[in-house]
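Bear in mind the structure is a predicted one, so any value in this text is a computation, not a measurement. Values below: all heavy atoms of this structure, side chains included; hydrogens, waters and symmetry mates excluded.
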There are 2 protein chains.
Amino acid sequence: MEASIQEVARLTGTTSRTLRHYQAVGLLTPSRVGNNGYRWYDEDALVRLQRILLLRELGLGLPEIARALEAHDDETAALRRHLEHLRAESRRLDRLVASVERTITAREEGAGLMAEDMFDGFDHTQYREEVEQRWGADAYRASNDWWTSMDAGEQAAWKARAADLTNAWSAAAGAGLDPTSDEAQALAQRHVDWLRSVPGTPRDDDGTPAAGYLLGLADMYVADDRFRSAYETAEKATFVRDAIRAWVAANR
Amino acid sequence: MEASIQEVARLTGTTSRTLRHYQAVGLLTPSRVGNNGYRWYDEDALVRLQRILLLRELGLGLPEIARALEAHDDETAALRRHLEHLRAESRRLDRLVASVERTITAREEGAGLMAEDMFDGFDHTQYREEVEQRWGADAYRASNDWWTSMDAGEQAAWKARAADLTNAWSAAAGAGLDPTSDEAQALAQRHVDWLRSVPGTPRDDDGTPAAGYLLGLADMYVADDRFRSAYETAEKATFVRDAIRAWVAANR
DNA sequence: GTAGAAGTTGACGCGGCGTCAACGTCAAGC
DNA sequence: GCTTGACGTTGACGCCGCGTCAACTTCTAC
């Protein structure tokens, strides 16, 4: 009629440690405790344990299980609440998976766009003439030479950095921030620093990227399909443009 | 050029506590520490922090982030591993959701089958005559009276108990256990105890459910479509039958 | 009497920080 | 020069659900 703690553990496929824990948190009290301290469980305790284990298998936390077992007919309600919770978790995971997939893709291909077409981009857009007039037609060749001189590992690292920057922009834009906020301006600073590290970038006398170049680039992010798609939506590309414009206004 | 810990926190949308933690786990070291102990972060540290935060947003753990940042071009590989992990988690959640849904359904409807048709079931099957001959035609009426005499709360509690038993059977059968294993026999014991608590159950002189009744019931779980579907598959219903048969053989 | 199985309590550990607590530092205003 | 308040520091506990020692007692069988 009564079972020892190990017998209960074997019967239910759990461990004695777990049973002690359940007692510690007030979830399952042994029906009897011998004067030697041994715990004994009767039929009722076993049934209660089964219900606990069932709810646990369904993913409920111990405190919720305790609450559900208090008011007996409230269990279905608890399950329904839990179901909502699980569904929300599932959606969160799905979004995460999509995010990771996008990041991997960005690092493999999108980064290439940033890295290789960032300069090349001018060749295909309405800005071409203007840019060539201002900074000369060999800016592309210079950057291309720089790029092809790196080995695969260096290129990969550089791509990753570019892709992360794109991702950070996307996240900031998606968070509903203001383009003039601290975070956005910090990103703009990173963006400028990143351009600064790129040979072929047109510069002012002090070596920093030229204000006109930055503004032209910012406009292009919105106007050019390929860049716009790198930032996912037109709204996000606009956010990037406005943040860079604000940065130029504040720092030049 | 350098930012204080709070400035960094504001810029990146995190907290100073987090930055200290990252230093404690060796993930991000301040570029400089004043002789007053204050931490200062430069451009490089900020870039590293951004990459950390990106990976964290994607759900990677701090140790994995540390590893990914060690070997720079290994980040994409880390993301790919992480993606697999996330997908597995997603599948697990989906299974959980399905399980919870099934349990709720079982408690609402399936339990009704156990509770109301458990006896009624005889009326529709090939076992009707046999059962009526052995235990009398008024067994159903007795149990029906008992059932209708409970209020809604009592009925709900009883349904939940019945549904849990069904669920436990389903889980045990799905786990690939042997019908004669300790766990399966514990379930059979619960099943018999449960029948024992039901008025109208044919009994032996000692008040326990009659062996013949148990065996008939066990056969019916496999033979009758409605019971078989309560246990989801024919294999699971067969598992229940075999476990009950083994229990009868061992205890009667 | 002794070995071995099974029981006990007590404690740390995990992940990623949030949240006190208790105290030092620095710039600004009186 | 003193106070005030913002900002900095280190240190420690808490969360969740137990797994996993450790150190010890109790029961059972030979």
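Note on A:Thr15: every side-chain N or O is 4.0 Å or more away from OP1 and OP2 of D:dC18. OP1 and OP2 of C:dT25 both lie 4.0 Å or more from every side-chain N or O belonging to B:Arg39. Between A:Arg56 and the phosphate of D:dC18, there is a side-chain N or O to OP1/OP2 separation shorter than 4.0 Å. Residue B:Thr18 places at least one side-chain N or O closer than 4.0 Å to OP1 or OP2 of C:dG18. For C:dG16, neither phosphate oxygen OP1 nor OP2 lies less than 4.0 angstrom from any side-chain nitrogen or oxygen of B:Tyr22.
If A:Arg17 and A:Asn35 are placed on DNA chain D by their nearest nucleotide, the residue sitting closer to the 5' end is A:Arg17. Toward the 5′ end of DNA chain C lies the nearest nucleotide of B:His21, the other residue of the pair B:His21 and B:Asn36 mapping further downstream.
Rounded to an integer number of Å, the gap from CD1 of A:Ile5 to P of D:dC27 is 16 Å. What separates CG of B:Leu19 from P of D:dC7 is a distance of 15 Å, to the nearest Å. Rounding to whole angstrom units, CG of residue A:Leu53 and C1' of D:dC18 are separated by 13 Å. Rounded to whole Å, atom C1' of C:dG15 lies 17 Å from atom CG of B:Leu55. The nearest whole Å value for the distance from the CG atom in A:Leu62 to the C1' atom in D:dG19 is 15 Å. Regarding B:Trp40, its CH2 atom lies at a distance of 10 Å from the C1' atom of C:dC26, rounded to whole Å. Going from atom CG of B:Leu49 over to atom P of C:dC17 covers 11 Å, rounded to whole Å. Between the P atom of C:dT8 and the CZ atom of A:Arg32 lies a distance of 12 Å, rounded to the nearest Å.
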Using distance only, find each side-chain donor-acceptor pair of residues 239-246 of chain A under 3.5 Å and give its atom names and separation, not counting sequence neighbours.
{"unit_1": "A:Arg245", "atom_1": "NH2", "unit_2": "A:Asp219", "atom_2": "OD1", "d": "2.7"}

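Judged by distance alone, with hydrogens and angles left aside, B:Arg20 brings no side-chain donor or acceptor close enough to the base of D:dT10 to form a pair under 3.5 Å. In this model, a side-chain donor or acceptor of B:Tyr38 finds a partner on the base of C:dG24 within 3.5 Å.
Among the candidates A:Gln189, A:Arg196, A:Arg190, the single residue satisfying the side chain to side chain donor-acceptor pair (under 3.5 Å) test with A:Asp193 is A:Gln189.
Here the closest non-hydrogen pair linking B:Asp204 and B:Pro209 is OD2-O, 4.2 Å.
Counting any heavy atom pair closer than 4.0 Å across all strands shown, B:Ser4 reaches sugar-phosphate atoms only and no base atom.
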side-chain contact (heavy atoms from CB on, under 4.5 Å) between A:Thr208 and A:Asn251: does it pass, once the steps are laid out? CA-CA 11 Å; A:Thr208 59; A:Asn251 294 277; over 6 Å; no
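B:Ser16 and B:Arg39 share no donor-acceptor pair across their side chains, judged by distance under 3.5 Å alone.
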